[in-house]
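Below, chain A is the first sequence line, B the second, and so on; all start at residue 1.
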Amino acid sequence: MIAERPPANSSATDDWRPSAEIDRLRQRAGHLAAVRQFFQSRGILEVDTPVLGACTVTEPAIDSLRLHQREAWLQTSPEYHLKRLLAAGMPDMVRIGPVFRADEQGRLHNPEFTMIEWYRRDWTLAALMAETAALVDALLGPGPYQHIRYRTLFAAAFDLDPAQAPLSQLQQAAGSLLAAPADPTSLTRRELTDLLFSQACAQWAAAHPGERLFIEAFPADQAALARLDTDPDGVAVALRFELLVDGLEIANGYDELRDAAEMAARMSRDRALREAAGKAVPASDQRLLAAMQAGLPPCVGVALGFDRLLMLALGASRISEVLPFAQDRA
Amino acid sequence: MANYSTNEFKAGLKVMLDGDPCTIVENEFVKPGKGQAFNRVRLRNLKTGRIWERTFKSGESLVGADVVEVDMEFLYHDGEHWHFMKTDGSFEQVEADASVVGDTSQWLKEQEVYTVTLWDDLPIAVEPPNFIELDVTETDPGIRGDTATGGTKPATLSTGAVVKVPLFIDIGDKLRVDTRSGEYVSRAK
């Protein structure tokens with residue numbers, strides 16, 4: 001291997017250099033080619049979707065970057081456009097490309113990252129999880145997978161049911177964390193649940209090194225764009241999964257909601273939550289709603305963070321180590 | 001003082017937390033894809049030296065702390081307070097009590113320069129230089145020429161510190177000591 005200059009620290013004179021070592025970028029190219037090969041071999045079409053869209057998601061905890069000059073948003077995922085393509089008759093397809101999230105920056109976050117998102121028509125969520133695992137295996141090699149329900153994972157860490165526990169118990173659990181919030185009572189139920197869930201995931205990962213975990217049956221209020229179902233205990237749950245590898249959130253999948261009226265209601269709820277939190281309130285995407293009214297075929301879909309998967313494949317500890325230019329050098 | 005939001009937190013930033021000045025050691029952004037963003041922050045309490053871990057909702061802010069580290073010469077100990085003077089030519093003096101000086105008292109030598117942490121112009125911590133030269137005031141008689149056996153004995157230094165030294169060291173010898181580990185380094189010329 002030719003010795004390359006290591007990435008320099010961020011001194012003013014040297015910050016023209018890439019964030020990642022050149023050799024890592026070579027490996028990135030190889031893995032990206034393997035991803036495209038994976039989808040090609042399965043007959044899944046690669047499509048392009050706009051980076052800049054007229055609308056954006058109304059998710060309460062995902063903030064979009066907005067253009068100054070006109071009403072346009074950098075897309076946080078290709079989901080809405082892919083669903084419009086599905087409604088228009090496109091077969092199974094994948095989009096591999098950049099997405100943007102405002103203010104998400106840290107060791108495991110960059111405001112711009114590469115998302116792999118694909119859809120399967122008439123598939124079950126179980127089949128999609130198996131295919132997601134196959135893609136992960138293609139990059140990381142085979143590994144043991146486990147499946148756990150959100151509620152079970154939460155209870156294992158805190159002996160609490162996230163949907164039923166009184167707010168005071170969630171506050172108490174948050175207050176006893178090593179890195180406790182300054183004032184747990186200042187957090188909403190959803191915020192407390194998110195904080196505790198992160199901790200539960202970290203605890204599970206620490207206790208099961210090297211194992212990959214599918215978390216299923218999310219609380220109904222975290223359905224996002226997933227269909228709802230009733231679990232064997234009669235509790236409403238979202239048909240949604242997440243994949244954790246070494247404690248790192250890698251993928252998020254749904255059995256896709258197809259009911260346009262329900263979609264519109266969720267957007268309204270999200271917008272009210274954003275309004276109450278003093279955040280920007282994007283308009284509901286009428287083109288997505290119209291596509292769903294025209295008819296979204298039964299489908300499942302999953303979004304996977306390519307850069308994080310690459311971090312795991314290359315043993316990187318920071319996302320910037322696998323990006324040509326992370327935000328601080330972009 | 002200014003307010004600092006979580007996205008401005010970085011190592012070395014001085015902020016107020018629970019009424020104490022702290023320096024940020026580490027700031028980790030934590031966020032489930034669809035969930036609330038948090039910052040898990042490690043801070044060192046500058047008064048006690050203790051490390052605190054605390055979680056903040058991203059976007060929350062803390063008030064900055066007026067904390068500076070200045071070089072100051074140790075002047076004298078009056079029995080209760082240790083007196084220091086700025087080396088910037090201003091001759092400004094501060095006095096620090098035992099709760100501030102703490103274990104550093106065993107390394108305080110007159111005319112030596114120390115790093116004093118001032119919060120709102122009052123001292124909250126005193127750090128010695130990494131290496132300091134001090135005279136031996138008390139130890140067992142030296143065994144001449146014994147530089148090879150590797151044996152050690154305790155020696156009391158002029159500031160009161162007790163360090164392990166090689167057997168050949170005598171009263172009146174000047175020693176170079178590492179204040180971080182409290183270990184003998186060498187005989188000073």
Side-chain angles (χ1 to χ4, degrees), chain A residues 57 59-63 76-77 101-110 115 174-175 177-184 186-202 215 218 222-226 238 240 242 244 249-252 254 277-279 303-305 308 319, chain B residues 1-67 119-120 124:
Chain A
V57 294
E59 288 267 359
I62 294 182
D63 296 328
T76 62
S77 101
R101 308 272 171 103
D103 300 325
E104 296 193 10
Q105 180 144 31
R107 192 169 67 81
L108 306 172
H109 294 81
N110 195 63
M115 184 179 273
L177 296 178
L178 174 61
D183 177 14
S186 70
L187 301 179
T188 65
R189 184 178 188 92
R190 177 65 203 276
E191 288 164 351
L192 282 164
T193 311
D194 286 341
L195 178 64
L196 294 171
F197 176 66
S198 293
Q199 177 71 20
C201 290
I215 302 165
F218 274 65
Q222 295 184 37
L225 302 189
R240 167 183 168 191
E242 279 200 358
L244 252 60
E249 185 186 329
I250 290 295
N252 181 58
Y254 303 140
K279 294 179 163 190
L304 182 148
R308 286 203 181 159
I319 195 167
Chain B
M1 278 307 271
N3 271 302
Y4 294 98
S5 162
T6 50
N7 58 25
E8 299 171 284
F9 286 7
K10 57 174 195 268
L13 183 72
K14 311 284 196 300
V15 291
M16 295 299 299
L17 184 61
D18 293 353
D20 279 355
C22 298
T23 183
I24 287 174
V25 178
E26 204 183 328
N27 173 27
E28 174 126 37
F29 180 76
V30 185
K31 183 185 189 300
K34 303 267 174 196
Q36 173 64 39
F38 293 97
N39 290 65
R40 196 178 294 147
V41 184
R42 281 161 62 83
L43 310 99
R44 180 180 295 106
N45 182 320
L46 290 168
K47 286 174 81 175
T48 64
R50 281 204 198 90
I51 294 285
W52 281 350
E53 288 201 35
R54 208 50 85 73
T55 294
F56 298 90
K57 216 162 92 171
S58 294
E60 280 184 320
S61 59
L62 290 175
V63 179
D66 180 11
V67 173
W119 170 41
D120 291 341
I124 53 169

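- Put simply, the side chain of B:Glu28 reaches to within 4.5 Å of the side chain of A:Arg107, judged on heavy atoms.
- With a 4.5 angstrom heavy-atom cutoff, A:Ala180 touches chain B only via backbone atoms.
- Heavy atoms of A:Glu191 lying under 4.5 Å from chain B belong to its backbone as well as its side chain.
- Of the two parts of B:Arg40, only the side chain, counted from C-beta on, holds a non-hydrogen atom closer than 4.5 Å to a non-hydrogen atom of chain A.
- B:Lys34 touches chain A through backbone and side chain together, each having a heavy atom under 4.5 Å away.
- Between B:Gly35 and A:Asp194, the shortest heavy-atom contact is CA-OD2, 3.2 Å.
- Put simply, of A:Cys201, A:Gly106, A:Ala61, A:Ala174, the one with the most heavy-atom pairs under 4.5 Å next to chain B is A:Ala61.
- Expressed to the nearest 0.5 Å, how far CD of B:Glu53 lies from CG of A:Leu177 amounts to 10.5 Å.
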**Request:** Please step through side chain to side chain contact (heavy atoms under 4.5 Å, CB included) for the pair A:Leu195 and B:Thr55, ending with a clear verdict.
**Result:** CA-CA 9 Å; A:Leu195 178 64; B:Thr55 294; 3.8 Å; yes
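- The two atoms that bring B:Lys31 and A:His109 nearest to each other are O-NE2, 3.5 Å, heavy atoms only.
- Chosen from A:Asp183, A:Leu187, A:Asp103, the residue pairing most often with chain B at heavy-atom distances under 4.5 Å is A:Leu187.
- Per-residue heavy-atom pair counts under 4.5 Å with chain B were compared for A:Gln105, A:Gln222, A:Arg101, A:Glu242, and the maximum is reached by A:Gln105.
- Around the CZ atom of A:Arg189, the shell of radius 6.0 Å holds more than 12 heavy atoms that belong to other residues, nucleotides or ligands.
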